[in-house]
Peer 1: 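Encoded as structure tokens, here's the structure I'll be asking about.
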Amino acid sequence: PVRRYDFKGIEEKSQILFLGGSQGAQTINNFIIDNLDRINEYSSVNFIVITGKRNYEDVLKKLKGNTPKNLKLLPFEYEIFDLMLVCRL
């Protein structure tokens with residue numbers, strides 16, 4: 001059985017998971033921040049980004065409360081395999 005994740009405020013849709021280790025996470029975080037308009041254009045898709053524990057607060061500050069409804073940020077995920085199973089990409 002696949003664990004169901006509680007993404008409050010995000011309706012169930014196709015989901016894309018972004019994750020990277022160390023410096024890779026920072027590159028992905030910058031990409032997400034630089035492409036918020038494009039994320040908003042794809043409202044039928046949920047974007048889940050694992051920012052890394054060190055980068056999480058910094059990403060939130062850069063977003064300044066302008067987080068799209070279809071973007072979920074996580075600092076870290078222990079059950080990464082389960083999360084991957086509920087994502088399409």
Side-chain angles (χ1 to χ4, degrees):
V2 176
R3 187 174 299 129
R4 301 291 275 164
Y5 286 83
D6 182 21
F7 294 108
K8 293 178 179 148
I10 296 181
E11 57 190 78
E12 190 163 327
K13 307 174 190 178
S14 295
Q15 299 184 122
I16 298 175
L17 173 63
F18 290 84
L19 62 123
S22 299
Q23 290 83 8
Q26 185 60 44
T27 301
I28 292 169
N29 295 340
N30 290 337
F31 174 82
I32 295 298
I33 291 165
D34 293 341
N35 288 282
L36 291 177
D37 290 340
R38 296 186 81 190
I39 290 171
N40 274 321
E41 289 176 19
Y42 291 94
S43 60
S44 63
V45 177
N46 287 331
F47 296 87
I48 303 167
V49 180
I50 299 177
T51 63
K53 289 180 182 180
R54 293 183 196 161
N55 301 322
Y56 183 72
E57 292 298 326
D58 186 48
V59 171
L60 290 179
K61 287 178 189 174
K62 289 180 180 178
L63 290 174
K64 300 176 186 172
N66 295 323
T67 306
K69 291 181 181 180
N70 60 331
L71 174 61
K72 175 71 175 179
L73 300 174
L74 301 171
F76 187 81
E77 179 55 52
Y78 288 99
E79 304 295 337
I80 191 67
F81 185 70
D82 289 345
L83 184 56
M84 291 170 73
L85 287 174
V86 298
C87 293
R88 293 196 179 187
L89 181 63

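As the structure is a computational prediction, the values presented were derived from the model and not from experiment.
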Peer 1: Which value, rounded to the nearest 0.5 Å, describes the distance between L63 atom CG and L73 atom CG?
Peer 2: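 So the CG of L63 and the CG of L73 are separated by 6.0 Å.
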Peer 1: Can a donor-acceptor pair be found, under 3.5 Å and without considering hydrogens, that links the side chain of Q15 to the backbone of R88?
Peer 2: no
Peer 1: When you group the ILVMFWY residues by side-chain heavy-atom contacts below 4.5 Å and let the links chain together, are F31 and V49 in the same group?
Peer 2: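 V49 and F31: one cluster.
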Peer 1: Tell me which donor-acceptor pairs under 3.5 Å the side chains of residues 55-62 have, and how far apart each pair is, sequence neighbours excluded?
Peer 2:
{"residue": "N55", "atom": "ND2", "partner": "T51", "partner atom": "O", "Å": "3.1"}
{"residue": "D58", "atom": "OD2", "partner": "K62", "partner atom": "NZ", "Å": "3.4"}

Peer 1: Which pair of heavy atoms, one from V45 and one from N70, lies closest together, and at what distance?
Peer 2: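 Where V45 meets N70 most closely, the heavy atoms are O-ND2, 2.9 Å.
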Peer 1: If you group Ile, Leu, Val, Met, Phe, Trp and Tyr by side-chain heavy-atom gaps below 4.5 Å, do L17 and Y78 land in one group?
Peer 2: no
Peer 1: Determine the minimum heavy-atom distance between P75 and I50, stating which atoms define it.
Peer 2: O-CG2, 3.9 Å
Peer 1: Considering only heavy atoms from C-beta outward, does the side chain of L19 approach that of I80 to under 4.5 Å?
Peer 2: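 Of all side-chain heavy-atom pairs linking I80 with L19, at least one is under 4.5 Å.
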Peer 1: What closest approach, in Å, do N66 and L36 show between heavy atoms, and which atom pair accounts for it?
Peer 2: O-CD1, 4.2 Å
Peer 1: What's the spacing between E79 CD and L85 CG if we round to 0.5 Å?
Peer 2: 11.0 Å
Peer 1: Of the non-hydrogen atoms in F18 and F47, which two are nearest, and what is the gap between them?
Peer 2: CE1-CD2, 3.6 Å
Peer 1: Sequence neighbours left out, what passes side chain to side chain donor-acceptor pair (under 3.5 Å) with N40? Give chain and number order.
Peer 2: none
Peer 1: Determine whether M84 and F76 fall in the same hydrophobic cluster, where Ile, Leu, Val, Met, Phe, Trp and Tyr are linked whenever their side-chain heavy atoms lie under 4.5 Å apart.
Peer 2: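 Looking at the clustering, F76 is in a separate group from M84.
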Peer 1: Answer yes or no: is there a side-chain heavy-atom contact under 4.5 Å between S14 and N46?
Peer 2: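 Side-chain contact under 4.5 Å: no.
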Peer 1: Using side chain to side chain contact (heavy atoms under 4.5 Å, CB included), reason through C87 and I48 one step at a time and then give a plain yes or no.
Peer 2: CA-CA 9 Å; C87 293; I48 303 167; 3.9 Å; yes
Peer 1: To check you understand the geometry: which heavy-atom pair defines the closest contact between G20 and A25, and what is its length?
Peer 2: O-CB, 3.3 Å
